Amino acid sequence: MNNSYLLESLNTAQRKAVSAPLESQLVLAGAGSGKTKVLIHRIAWLIKNYNINPSAILAVTFTNKAANEMRQRISNLLGDDLQGIWVGTFHGIAHRLLRRHGKYANLSDNFEIIDVDDQLRIVKKIIKEMNLDDQRYIPKKILSFINSKKDSGLRASHINPGYRYDIKVKVEIYKRYSIYCQQNSVVDFSELLLRVHELFLYNKWLLEKYQEKFKYILVDEFQDTNSLQYAWLRLLSGDNNNLMAVGDDDQSIYGWRGARIDNMHSFVKDCNNITPIKLEQNYRSSSNILQAANAVIAHNEDRFNKQLTSKLAEGEKIKIYAAVDDNDEAIYIANYVKKIAAKGDKWQDIAVLYRSNAQSRLLEELLVQNSVPYRIYGGSRFFDRAEVKNVIAYLRVICFEDSNLALERIINFPPRGIGEKTVEKIRENSENTNNSMWLSLTGLLADSNTPTNIISKLEAFKELILYFREQLQQLSFTDLVKQVIIKSQIIEHYKKDNTSGITRIENLEELVNACGQFANSMTEEGVTDTKEQICEFVDHVALDNKNKTDKQQDCVQLMTMHSAKGLEFKHVFITGMEEDIFPSRPAVEENNINEERRLCYVAITRAMRYLYISYSSIRTLYGYNRNSKPSRFIKEIPEELLEHVKLTSKVSVNSKRNFKFNTKKKYKSIFKTGTKVRHPKFGDGVVAASSGSGEQEKITIKFDQSIGEKTLVLKLANLTSIY
DNA sequence: TTTTAGACCATTTTT
DNA sequence: TGGTCTAAAA
């Protein structure tokens with residue numbers, strides 16, 4: 001049997017990783033070094049060269065996207081030989097284990113997965129119940145406290161609050177939160193992992209069974225694992241010495257979410273000081289770009305010390321543009337993007353990156369003005385939309401009779417006159433009797449103290465839900481969803497809303513499609529029961545919440561540097577390279593510069609051929625114009641790699657020169673007589689005269705005939721210049 | 001129950 | 001600045 005074909009397309013380091021001995025390995029995979037390729041070839045190698053049964057392999061990723069890609073690529077490489085392999089996200093795998101062995105983890109078999117939204121509702125409820133001041137105990141903060149404790153593997157009982165009263169309170173809330181979840185059979189994201197950890201910890205036979213099963217474990221993006229995930233992996237790996245961790249310490253940008261680069265160092269130690277295999281050959285970027293990336297990241301300490309090298313040519317220098325203000329920066333980008341496209345590259349070859357989402361607005365505005373097609377990544381995800389969640393809450397109530405959270409969400413949606421006090425009554429009764437709210441609701445109907453008008457409303461709601469439950473036997477999943485949307489009058493409700501009603505209805509149509517597709521694939525797998533399909537769907541939606549897919553194809557990609565991780569583009573613009581923007585202000589204050597620098601490294605290494613960096617002297621932030629300084633990261637790039645862009649455009653040159661003369665009178669510098677400006681209310685106009693200076697400066701602008709001339713205080717006028 | 005006005009606040013995001 | 005959330009008013 002000759003398996004050398006699995007190694008042929010690899011370089012030396014990759015080959016070393018793929019064909020490494022069957023022991024734990026740490027692979028340090030630099031940006032663009034073929035990390036995924038190594039992973040899938042390693043899996044193929046295990047199967048082909050060692051005759052390892054695919055079902056003995058567990059491959060763990062962070063995102064569904066990565067898991068899907070991996071599964072796809074292994075299957076392309078091996079054909080159908082991957083029967084039984086486990087490829088999934090941490091959460092997906094944990095979920096699978098809990099559905100199988102829930103009873104050993106003290107979970108009922110119909111537990112529900114809840115999202116942050118539901119979590120927050122629970123926390124708010126508890127804070128109210130405990131009569132706490134929600135200004136002092138801010139629900140969101142408390143929730144992140146709970147989640148971060150869970151992510152470090154800590155239960156409330158594990159936390160010693162010491163003498164700190166507020167921590168005592170937090171821990172108490174955490175405790176009550178856990179009790180609520182247990183009673184309601186709901187499990188949050190972190191809980192999935194925590195439960196599995198405990199499942200294995202307290203059921204040794206089960207752990208041994210899985211240790212026996214998974215002869216080989218691979219983890220992707222290892223630098224992003226948190227303490228709990230690492231503990232989880234170690235537990236599962238046991239003494240098998242069979243864990244291949246692939247990651248890049250330099251690309252660890254999720255520390256704020258609990259990720260610990262430290263796990264990489266611990267891993268080395270825990271594995272008897274294994275020598276990491278370094279993948280340093282980069283196949284993505286030209287060498288100037290890589291040199292810049294290397295130079296920047298070299299400022300961090302305690303690294304594993306990789307040095308990426310490129311076999312590609314030097315390539316273009318990094319173009320750096322010093323903008324007068326953020327508007328000017330956006331104009332520059334919009335114009336440059338058009339130039340790139342005019343030369344023949346596609347819009348989709350271009351990415352514009354920024355540190356924070358707020359920066360996208362201006363860019364977006366100017367791209368629109370210049371008729372450049374673009375797509376913004378991130379933002380609200382499909383299953384997070386209120387209208388979609390509401391329908392799913394209906395499905396939850398229909399399928400899980402006891403789902404209090406879902407019930408509360410829809411009992412008065414669309415508004416049917418069941419007010420807060422009635423809900424309160426139901427909730428109270430439910431708490432006193434230990435029944436679900438659904439049962440309490442039924443109880444209230446029989447209670448002679450309940451006012452008749454309330455009874456009729458509750459009765460109508462009950463009938464509605466009962467009707468849907470009946471239809472579970474008759475209707476397909478898709479038809480049931482349609483019925484829910486129509487019969488519950490959700491459509492009617494959104495039709496009345498003429499601001500966002502139409503898009504909401506469109507989203508619901510999309511939801512119906514999604515349900516249809518899901519139902520089809522379920523049917524193919526032999527799951528034909530509607531109720532069963534819905535249950536699976538609800539889980540699926542919770543664990544794989546895709547970004548809203550925009551159908552538009554060839555467009556410029558706008559996204560944060562974080563969401564750019566793992567992607568690559570021929571042209572990359574890194575914008576807002578200013579102190580307090582990038583590195584961001586909070587990061588500077590909290591002394592998290594190293595992570596910002598890694599983010600910078602990630603951003604730079606996204607570029608294949610052309611990298612453009614821009615910063616500006618004035619930036620509007622929170623409604624104020626602020627002077628900003630170039631980012632320290634710019635200085636960390638060797639000067640010889642940079643090319644400073646000078647614009648030939650007259651206006652920009654002028655405003656820049658004026659700006660230099662008048663650093664204090666920043667307003668006057670931009671709006672000289674004759675400058676074309678735009679006002680949010682009055683539209684476009686031309687500056688006719690100006691008086692005063694600094695913050696007192698007033699300018700007279702000639703607008704469209706219907707408006708005429710206006711004299712405005714410049715500072716308040718909110719003008720933008722149009723070049 | 002819905003609308004509106006004022007308060008407040010503000011990185012990064014997956015599951 | 002502007003988006004979100006809460007509390008008061010219609």
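Remember, it's a predicted structure, so these values are computed and weren't measured experimentally. As a basis for the values below, the full set of heavy atoms in this structure was taken, side chains included, without hydrogen atoms, waters or symmetry mates. Naming convention: chains lettered A, B, ... in sequence-line order (proteins, then strands); numbering from 1 in each chain.
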Pairing string, 5' to 3', for DNA chain B - Watson-Crick or wobble contacts under 3.5 Å, brackets [ ] where pairs cross, | to another strand:
||||||||||.....
Would you say [Y] and [X] are linked by a side-chain donor-acceptor pair, where the criterion is simply a distance under 3.5 Å?
{"X": "R619(A)", "Y": "N625(A)", "value": "no"}
{"X": "Q223(A)", "Y": "D248(A)", "value": "no"}
{"X": "R597(A)", "Y": "Y601(A)", "value": "no"}

Earlier contact from the 5' end, DNA chain B, for I418(A) and K65(A)
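The 5'-side residue here is I418(A).
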Phosphate OP1/OP2 of [N] contacted by [X] side-chain N/O (<4.0 Å):
{"X": "N412(A)", "N": "dT1(B)", "value": "yes"}
{"X": "N545(A)", "N": "dT14(B)", "value": "no"}
{"X": "R361(A)", "N": "dG3(C)", "value": "yes"}

Partners of F573(A) by ring-ring contact (aromatic ring centres under 6.0 Å, His included), sequence neighbours excluded?
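Only Y612(A) meet the ring-ring contact (aromatic ring centres under 6.0 Å, His included) criterion with F573(A).
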ring-ring contact (aromatic ring centres under 6.0 Å, His included) with H197(A): which residues, sequence neighbours excluded?
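Expected list: none.
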Got more than 12 heavy atoms from elsewhere within 6.0 Å of CD1, I502(A)?
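Check fails, neighbour count at 12 or below.
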Looking only at atom P, what distance separates dT4(C) and dT13(B), rounded to whole Å?
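The answer is 16 Å between these two P atoms.
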Short heteroatom pairs, N/O only, protein and nucleotides 8-12 of chain B, under 3.5 Å:
unit_1, atom_1, unit_2, atom_2, d
dT12(B), OP1, N357(A), N, 2.8
dT12(B), OP1, N357(A), ND2, 3.2
dT12(B), O4', R355(A), NH2, 3.0
dT12(B), O2, W256(A), NE1, 3.3
dT12(B), O2, R355(A), NH2, 2.5
dT12(B), O2, H562(A), NE2, 3.4

Check DNA chain B against residues 534-543 of chain A and give the residues with a non-hydrogen atom under 4.0 Å, in numerical order.
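Those residues whose heavy atoms fall under 4.0 Å from DNA chain B, taken from residues 534-543 of chain A in numerical order, are L543(A).
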Can you list, pair by pair, the side-chain donor-acceptor contacts under 3.5 Å of residues 356-363 of chain A, counting residues two or more places apart and other chains?
unit_1, atom_1, unit_2, atom_2, d
S356(A), OG, Q359(A), OE1, 3.3
Q359(A), OE1, R355(A), N, 3.4
Q359(A), OE1, S356(A), N, 3.0
S360(A), OG, N357(A), O, 2.8

